[in-house]
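Down below is the structure, laid out as structure tokens.
If you're wondering where the values come from, they're calculated on a predicted model, not measured in any experiment.
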Amino acid sequence: MTPPVNSTSTPTSPEANPYTNYDVVCQIDYTEAVTCNENQYCKWDVDDNECESNDLAIEGANMEACSNLTRIECLSERSCEYEDDGIEKCKGSDSIIKSSNATDTTQTQYINYEVVCLRDYVNSADCAAIMYCKWDVDDNECEPNHDVIGDENTATCINLTATECLDNLACEYDDQKCEGSDTYIKDPNETLAR
């Protein structure tokens, strides 16, 4: 089941953003237990008296598509999460689902530094030259500089509505407010497909 047609949290251009963030959809679109529980990806939280995402159902829906991806492929796919808790693996996201018949054209408008830093900068000197990356001494690899990326995006995101926030990969909607993503930066040229 998908969000209601009059959903306030569904991105305005589903062709451009084929992802649905159920952390947001469930919280914003459903204010009653009955309608919340009708959506298989939402569940009513009796203690907090609010609708929240059904993490297990969402992760299960994503698992097959994510389980055999490489690390770079996993980091590139927003409906997957890379986990490294002693055993490295790609698993399904527990909040985001991608429409099965849609193509993500937003990837050409944004740079995913989770992927770029790891894939493109293999030594500490090259990594350090990129303000959005930093060298992880323990893992001996380049990773995104989440603080710098998040700070840069915050000014753009802070005053956006929930719908505008969801339409912008450089932003994240959390706790009923829009804040800067610490992974994506809008490509100033909008031509790089990262």
Kindly list each side-chain donor-acceptor pair under 3.5 angstrom involving residues 126-134, sequence neighbours excluded, with atom names and distances?
unit_1, atom_1, unit_2, atom_2, d
D126, OD2, N123, ND2, 3.1
Y132, OH, E152, OE1, 2.6
Y132, OH, E152, OE2, 2.8

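Shortest non-hydrogen contact noted between R78 and Y184 is CG-OH, 3.0 Å. The two residues Q40 and A57 have their closest heavy-atom pair at O-CB, 3.6 Å. The shortest non-hydrogen separation linking T156 to N168 is CG2-ND2, 4.1 Å. Of all non-hydrogen atoms in S76 and V115, the two that sit nearest each other are OG-CG2, 3.3 Å.
A donor-acceptor contact shorter than 3.5 Å is absent between the side chain of D139 and the backbone of E141. The main-chain N or O of L56 is never found under 3.5 Å from a side-chain atom of E59 such that the two would form a donor-acceptor pair. One N or O on the side chain of N112 and one on the backbone of L75 form a donor-acceptor pair closer than 3.5 Å.
As summarised for C74 and C90, their two SG atoms come within a distance smaller than 2.5 angstrom, satisfying the threshold. Between C51 and C26 the SG-SG gap reaches or exceeds 2.5 angstrom. Between C171 and C178, a gap of 2.5 Å or greater is found separating the two SG atoms.
In this structure, OH in Y22 is found 5.5 Å from CD1 in I97, a value given to the nearest 0.5 Å. Here CG of D136 is found 4.0 Å from CD of E143. Values are rounded to the nearest 0.5 Å. Between atom CG of residue N21 and atom CD1 of residue I96 there is a gap of 5.0 Å, rounded to the nearest 0.5 Å. To the nearest 0.5 Å, atom CG of residue N37 and atom SG of residue C42 are 8.5 Å apart. Remark: N153 CG to I185 CD1 distance equals 4.5 Å, nearest 0.5 Å. Between the SG atom in C117 and the CD atom in E114 there is a gap of 8.0 Å [rounded to 0.5 Å].
For the pair I72/L118, a side-chain contact is recorded, criterion being any heavy-atom separation below 4.5 Å from C-beta on. Between E179 and D174 there is a side-chain heavy-atom pair separated by less than 4.5 Å. Counting only heavy atoms from C-beta outward, the side chains of Y82 and K89 never approach each other to under 4.5 Å. The shortest distance between side-chain heavy atoms of Y113 and T183 does not fall below 4.5 Å.
Note on residues 134-182: no pairs pass ring-ring contact (aromatic ring centres under 6.0 Å, His included), not counting sequence neighbours.
Applying the side chain to side chain contact (heavy atoms under 4.5 Å, CB included) test to N68 and every residue at least two apart in sequence or in another chain returns nothing.
Other residues, nucleotides and ligands contribute more than 12 heavy atoms inside 6.0 Å of the CD atom of E88.
Test K98, R71, K91 against E77 for salt bridge (Lys or Arg N to Asp or Glu O under 4.0 Å) and you get one pass: K98.
Defined by atom type and a distance below 3.5 Å, a donor-acceptor pair is missing between the side-chain atoms of T35 and E32. Between the side chains of S93 and N62, no donor N or O sits under 3.5 Å from an acceptor N or O.
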